[in-house]
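Read the structure below first, then the notes.
Please read all numbers here as calculations on a predicted model, not as lab measurements.
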Amino acid sequence: MSTSLLVPLHVAYIRNLGDSKNELSYHLSAHLRMNAVYWGLAALFTMGHKDALDRDEMIDFVMSCWDEEAGAFGAHPDHDAHLLSTLSAIQILLMQNALNRVDVDRVVKCAFNLLEFLRATPLAKLIHAFCIVQVNALSLLGKLDELDIEKTVAYIRRCRNFDGGFGAVAGAESHAAQVFVCVAALAILDRLDEVDQPTLCWWLSERQLPNGGLNGRPEKLEDVCYSFWVLSALSILGKLSWIDSSKLEAFILSAQDTESGGIADRPGDMPDVFHTNFGLAGLSLLGYPALVDLDPVYCMPAGIIENLGLRKGWKALQRRTS
């Protein structure tokens, strides 16, 4: 167990992820490939090693996932277009300064077409979740003015619970990951007035367990990924001080793999790029030394979001020097 961040090991871990093409797990996770590239690149940016992966190779992969018929991105070459994969593709291309490769108008049209399709399927009750992904993507593309903001806010409002949190659908139990996407979407739309902030921040702070880790809902185990889902919402609402930051930092660091690199969901488990990214994101919001500032609304480097003119009024803890 290490009490400091093992940056060189984590950089090497991410760089080596593409070397596992002969393993079954690599192919079974093809549906997450675009998301995984985003997680890995975002983690490298947070550690200050944005050039650790080949830029041209990454852009070529992203563009190979373009679904010409639909006008958006799939998770892997020859996969159908998907809103979440498209958002990850947009985030990757923005971080690589290659958004000019995207046919923005076609992506916007596809995003609305996919939502119309979902309304006619059994997944219609989950449409608000896709709306929230759409908010993020349209904002990054500079096309938020094409969204029916009041209708989107109404979807989110229906999922708000008595405890201040948000569920996956109306009437569902509050969950920290769903809280993040709803609060972030409302921040993008300048509608944080829809949040019961004192109650929600209390509920979020109650997610911290005695070992310092955070869980996603009551009576569940701690998990490193909630270091971002919980902290991002608290950061957006200006209440990061409601968490014991030193205990949470120690928990995240204890989940590092000190041999191969990467961060796991909790100490002793296998690391993966998902938890590596969100563990590092949490450490950045906690002001861990030498990390790059992260925007908690978009989970992207703060400098990129500021250059786009999209920064909201979030607050991270002050970056420590040691």
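Within the 4.5 Å cutoff, side-chain heavy atoms of Y13 are placed close to those of T276. You'll find the side chain of L214 stays beyond 4.5 Å of the side chain of D223, heavy atoms only. E173 has its side chain within reach of P218: a pair of non-hydrogen atoms, C-beta onward, lies under 4.5 Å apart.
Note: the hydrophobic cluster containing L32 does not contain Y38 (ILVMFWY, side chain heavy atoms under 4.5 Å, direct or indirect links). In this structure, V135 is a member of the same hydrophobic cluster as L192, with clusters built from ILVMFWY side-chain heavy atoms closer than 4.5 Å. I304 and L140 end up in the same hydrophobic cluster when Ile, Leu, Val, Met, Phe, Trp and Tyr side chains are linked at under 4.5 Å. Both I92 and F61 belong to a common hydrophobic cluster when Ile, Leu, Val, Met, Phe, Trp and Tyr are linked at side-chain heavy-atom distances under 4.5 angstrom. Cluster membership for L144 and L308, using ILVMFWY side-chain heavy atoms within less than 4.5 angstrom, is shared.
Panel note: side chain S235, backbone K315; a donor-acceptor pair is recorded below 3.5 Å. With Q96 contributing its side chain and L93 its backbone, the two residues share no donor-acceptor pair below 3.5 Å. Under a 3.5 Å cut-off, the side chain of D244 and the backbone N or O of K247 do form a donor-acceptor pair. Side chain of Q91 to main chain of Y298: a donor-acceptor pair is present (N/O by atom type, distance under 3.5 Å, no hydrogens or angles). Judged by distance alone, with hydrogens and angles left aside, the side-chain atoms of D148 form a donor-acceptor pair with the main-chain N or O of K151 at under 3.5 Å. Using a distance-only test at 3.5 Å, with no hydrogens or angles considered, no donor-acceptor pair links the side chain of N277 to the main chain of V273. A distance-only check finds no donor-acceptor pair linking the side chain of R266 to the backbone of A255 [under 3.5 Å]. A donor-acceptor pair under 3.5 Å links the side-chain atoms of N211 to the main chain of G213, judged by distance alone. Judged by distance alone, with hydrogens and angles left aside, the side-chain atoms of S88 form no donor-acceptor pair with the main-chain N or O of S85 at under 3.5 Å. R106 places a side-chain N or O within 3.5 Å of a backbone atom of E68 that can act as its donor or acceptor partner.
Considering all non-hydrogen atoms of both residues, I59 and A98 come closest at CD1-CB, 3.6 Å. In terms of heavy atoms, G142 sits closest to D145 at O-OD1, 4.2 Å. A pairwise comparison of heavy atoms in V62 and A89 identifies CG1-CB, 3.8 Å as the closest pair. Scanning both residues, D56 and D54, for their nearest heavy atoms gives N-OD1, 3.2 Å. Heavy-atom minimum distance, F251 versus V224: CE2-CG2, 3.7 Å. Pairing each heavy atom of A176 with each of W203, the nearest pair is N-CH2, 3.7 Å.
The closest side-chain donor-acceptor pair between D67 and H82, if any, does not fall under 3.5 angstrom. Side-chain atoms of S260 and D257 form a donor-acceptor pair, as typed in the model, at a separation below 3.5 Å. Side-chain contact of R160 with S174: a donor-acceptor pair under 3.5 Å is absent, judged by distance alone.
Applying the side-chain contact (heavy atoms from CB on, under 4.5 Å) criterion to L9, with sequence neighbours excluded, gives L6. Judged as a ring pair (Phe, Tyr, Trp, His ring centres under 6.0 Å), and not counting sequence neighbours, Y288 has no contacts. By the side-chain contact (heavy atoms from CB on, under 4.5 Å) test, R191 is found to be paired with E150, V153, R157, L186, L189, D193, E194, residues two or more places apart in sequence or in another chain being considered. The side-chain contact (heavy atoms from CB on, under 4.5 Å) test applied to L317 returns L240, S245, L286, not counting sequence neighbours. For F45, there are no ring pair (Phe, Tyr, Trp, His ring centres under 6.0 Å) partners two or more places apart in sequence or in a different chain.
Looking at E206 and R217, no side-chain N of the basic residue comes within less than 4.0 Å of a carboxylate O on the acidic one, giving no salt bridge. Ionic pairing of E146 and K109 is not present here: no N-O contact between side-chain nitrogen and carboxylate oxygen is shorter than 4.0 angstrom. A salt bridge is absent between R311 and D295; no separation between the charged side-chain nitrogens and carboxylate oxygens falls under 4.0 Å.
Note that R33 lies in the cation-pi zone of Y26, set by a 6.0 Å cut-off to the ring centre and a 45° limit from the axis.
Here the NE2-CD1 distance, from H10 to I263, works out to 4.5 Å after rounding to the nearest 0.5 Å. Considering OG of S227 and CG of L248, their distance stands at 4.5 Å, rounded to 0.5 Å. Between the CG atom in L138 and the CZ atom in F112 there is a gap of 5.0 Å [rounded to 0.5 Å].
Outside the 6.0 Å centre-distance limit, the rings of H175 and F180 are not counted as a close aromatic pair.
F278 and W229 have tilted rings, their planes meeting at an angle from 30° to 60° on a 0 to 90° scale. Relative orientation of the W66 and F73 rings is perpendicular, given thresholds of 30° and 60° on the angle between their planes.
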Under the ring pair (Phe, Tyr, Trp, His ring centres under 6.0 Å) rule, what do H275 and F228 come out as? Steps first, then yes or no, please. CA-CA 10 Å; H275 289 92; F228 177 74; over 10 Å; no

Just do the side chain to side chain donor-acceptor pair (under 3.5 Å) check on R319 and S284 with the steps written out, would you? CA-CA 8 Å; R319 182 80 50 212; S284 178; 3.2 Å; yes

Please walk me through it: do C225 and D265 pass side-chain contact (heavy atoms from CB on, under 4.5 Å)? CA-CA 7 Å; C225 67; D265 56 349; over 6 Å; no

Carefully, step by step, assess D103 and D105 under the rule side-chain contact (heavy atoms from CB on, under 4.5 Å). CA-CA 6 Å; D103 187 334; D105 291 335; 4.1 Å; yes

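The neighbour count for D78 CG, taken as heavy atoms of other residues, nucleotides or ligands under 6.0 Å away, does not exceed 12.
Within the structure, salt bridge (charged side-chain N to carboxylate O under 4.0 Å, His left out) pairs that include any residue of residues 272-290 do not occur (at least two apart or interchain).
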